[in-house]
Amino acid sequence: MIAVRGLRKAFGSQQVLRGVDLEVPTGTITIIIGRSGGGKSVFLRHLIGLLRPDSGTIAVDGMEITRLRGRALDAVRERYGVVFQGGALFDSMTCGDNVAFPLREKKKVTADEVARRVEEALEQVGLAGVGRKYPAEISGGMRKRVAIARALVTEPEIVFFDEPTTGLDPVLVNAIHSVITDLHQKFHFTAVMVSHEIPEIFRIADRVAMLHEGRIAAVGTPEEIQASANPVVARFIRGEPDESA
Amino acid sequence: MSGGSLSVPLRPFEAVGRGVTGLLESLGRFGTFFAEALATMVTPPFKFRAFIDRVHYIGFRSLLIIILTGAFTGMVLGLQIFFTLSRFGSEAFLGPAVALSLIRELGPVLSALMVTGRAGSALTAEIGIMRITEQIDALTVMALSPQRYLVIPSILAGVVTFPLMTALFDVVGIFGGYLVGVELLGLSRGTYFGEMQTLVRMNDIMTGFWKSIAFGVVVTWVCTYKGFHVGHGAEGVARATTQAVVLSSVLILVWDYFMGSVLP
């Protein structure tokens, strides 16, 4: 389980996170929603150890990670897979080499095993045969799927998705969501996803948390969130502007 | 403390203080970046393939520009020094004058400046683009050190390639001087090379060698640092690239003076 307590972060005078409390149960897909610029990606970057909070704690299976450095933090990251918003594929490598990279660098596996697992990972995201292409030669949706394949090829316990469907058409959004749910059923990883895709996310989430003005405004099952009486949540789901906006 | 809390006459002092602390902070980050690279360098694994790629990128791909600038620098030196020496009837010293100018000063400095313009700027841009497209973050969250893949191979490649390129620059420059002094202006071949062998000492060669190694470290350190600490978007990459070239060039000249005054 990931347990976040009182997470605060400011950039200069701008307070982005004002005391975030959230629990992500093991094996679930938890999706964080909220307005653009509301700190969702900043929150995610704290979970993956790319930012340090001003105060507050993040515990991964009981281990507090916000003060970890170097190898201790790397040991936690070994359990992670991360899909970045733009894919973050290494543009000097082919898609196949991108997927193979964490295997070659982190796992002691033979070249044949790497090739087999790369082909399998690409097949799982519906991209069998694109291994020889470079990221610049494929579409945005394909790049995101290659990024998912790269994040999952090492079979991580926890996978973070930073807006994996941003900028894609509705068909591709559903395709990516299907890939994520299929892989989740197969590997049973814990997933934390930041997304704007309402109402599509309600079909794949086990839990939904809404981040609003630096705090978790509501958290619950998709049904609970959709039935929420919290006006901030209700307005956001209906796509209506805030009163403060 | 916010600027608004100080009275107007004190605000210039606050601005100066903020500038000084900002500068010290930058210097601290710059030093820490290098210290982290050194600490990573002494722990395995060593990324040999990345190192070879960088040697190719920084060294091999700079050969043409080094040969061209080396040749013309030697030719200009040959021409100018010949006419200066001829006023004193000392044309015989053209060879050593060209060689010493190149080996002690111009070879290391000009080849470092050329490589900064060609490879250093590209290094900053490449790492900067990797930073803004989250490729460096991707390495970090894979529990892989970006320093190990991007910085250390570049610095080591700088240490290896800069002396080699300086040596090439020197040799080509000396033959450029020969072309002008001997083939065009009529000095004898024996005089040009004979006096050079007499007057150029090992100390001179080692001075150029140590300078070129130092420049290799400075240029790759500055250029990778600027790439790692790039601002936002394309404009941030452009600014970082410009800063990397300007700062590297200034440091080359400043460091050249210090080393020139310390080394024999």
Side-chain angles (χ1 to χ4, degrees), chain A residues 11-13 41 44-51 65 68-93 97-108 135-136 143 146-148 150-154 156 158-163 192, chain B residues 1-5 18 21-22 25 32 35-40 42-50 52-54 56-57 61 122-123 125-150 152-154 227-229 231-234 237:
Chain A
F11 296 101
S13 60
S41 292
L44 199 75
R45 290 174 81 81
H46 280 85
L47 296 183
I48 57 183
L50 288 175
L51 286 174
I65 66 163
L68 295 182
R69 286 177 179 277
R71 287 185 182 174
L73 184 56
D74 281 348
V76 177
R77 286 176 174 149
E78 300 267 4
R79 302 169 60 193
Y80 286 179
V82 181
V83 179
F84 287 91
Q85 199 170 344
L89 297 177
F90 303 122
D91 43 24
S92 59
M93 296 180 192
D97 284 338
N98 264 282
V99 179
F101 188 76
L103 282 177
R104 286 186 185 134
E105 300 297 321
K106 299 302 295 182
K107 308 281 176 187
K108 286 177 179 163
R143 275 200 289 274
V146 173
I148 293 172
R150 185 178 70 179
L152 294 177
V153 74
T154 53
I158 305 168
V159 186
F160 299 91
F161 299 87
D162 188 3
E163 303 193 22
V192 181
Chain B
M1 185 183 284
S2 71
S5 61
R18 195 182 292 131
T21 51
E25 201 180 312
T32 307
E36 279 174 7
L38 289 180
T40 312
V42 295
T43 57
F46 176 64
K47 295 294 160 191
F48 188 72
R49 183 155 175 207
I52 295 296
D53 282 347
R54 289 301 178 194
H56 177 262
Y57 189 75
R61 288 166 69 176
L123 197 61
E126 183 189 320
I127 294 175
I129 288 168
M130 288 186 75
R131 167 63 79 196
I132 63 171
T133 55
E134 298 181 309
Q135 293 177 52
I136 291 177
D137 290 338
L139 277 173
T140 306
V141 297
M142 284 178 201
L144 299 168
S145 162
Q147 293 253 0
R148 193 182 302 286
Y149 289 82
L150 302 171
I152 293 163
S154 303
F228 257 71
H229 296 86
H232 298 289
V237 175

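The analysis underlying the following values was restricted to heavy atoms, covering all of them including side chains, and did not include hydrogens, waters or symmetry mates. Proteins get letters first, then strands, A, B, ... in listed order; numbering begins at 1 in each.
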> When you look at B:Lys47 and A:Glu105, which way does the salt bridge (charged side-chain N to carboxylate O under 4.0 Å, His left out) test go after all the steps?
Replying inline: CA-CA 10 Å; B:Lys47 295 294 160 191; A:Glu105 300 297 321; 2.7 Å; yes
> Going by heavy atoms in the side chains, are B:Met142 and A:Val82 under 4.5 Å from each other?
Replying inline: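 In short, these two side chains do not touch, never coming nearer than 4.5 Å.
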> Should A:Phe84 and B:Thr133 count as side-chain neighbours, where that means a heavy-atom distance under 4.5 Å?
Replying inline: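 Side-chain contact under 4.5 Å: no.
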Side chain, backbone, both or neither: which part of [X] has a non-hydrogen atom closer than 4.5 Å to chain B?
X	result
A:Leu89	backbone
A:Ile48	both
A:Phe101	side chain

> Can you name the side-chain hydrogen bond (donor to acceptor under 3.5 Å, both in side chains) partners of B:Arg61, sequence neighbours left out?
Replying inline: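 side-chain hydrogen bond (donor to acceptor under 3.5 Å, both in side chains) list for B:Arg61, sorted by chain: empty.
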> Can you name the side-chain hydrogen bond (donor to acceptor under 3.5 Å, both in side chains) partners of B:Thr140, sequence neighbours left out?
Replying inline: none
I need the minimum non-hydrogen distance between [X] and [Y], along with the two atoms involved.
X	Y	answer
A:Lys106	B:Leu144	CD-CD2, 3.1 Å
B:Ala143	A:Arg77	CB-CB, 4.1 Å
A:Arg150	B:Ala138	NH2-CB, 3.7 Å

> Counting only heavy atoms not in B:Phe48, do more than 12 sit closer than 6.0 Å to its CZ atom?
Replying inline: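 No, the 6.0 Å shell around CZ holds no more than 12 heavy atoms from other groups.
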> Which value, rounded to the nearest 0.5 Å, describes the distance between B:Ile129 atom CD1 and A:Asp91 atom CG?
Replying inline: 7.5 Å
>> If I take atom CZ from residue A:Phe90 and atom CD1 from residue B:Ile136, how far apart are they, to the nearest 0.5 angstrom?
In response: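 Between A:Phe90 CZ and B:Ile136 CD1, I get 9.5 Å after rounding to 0.5 Å.
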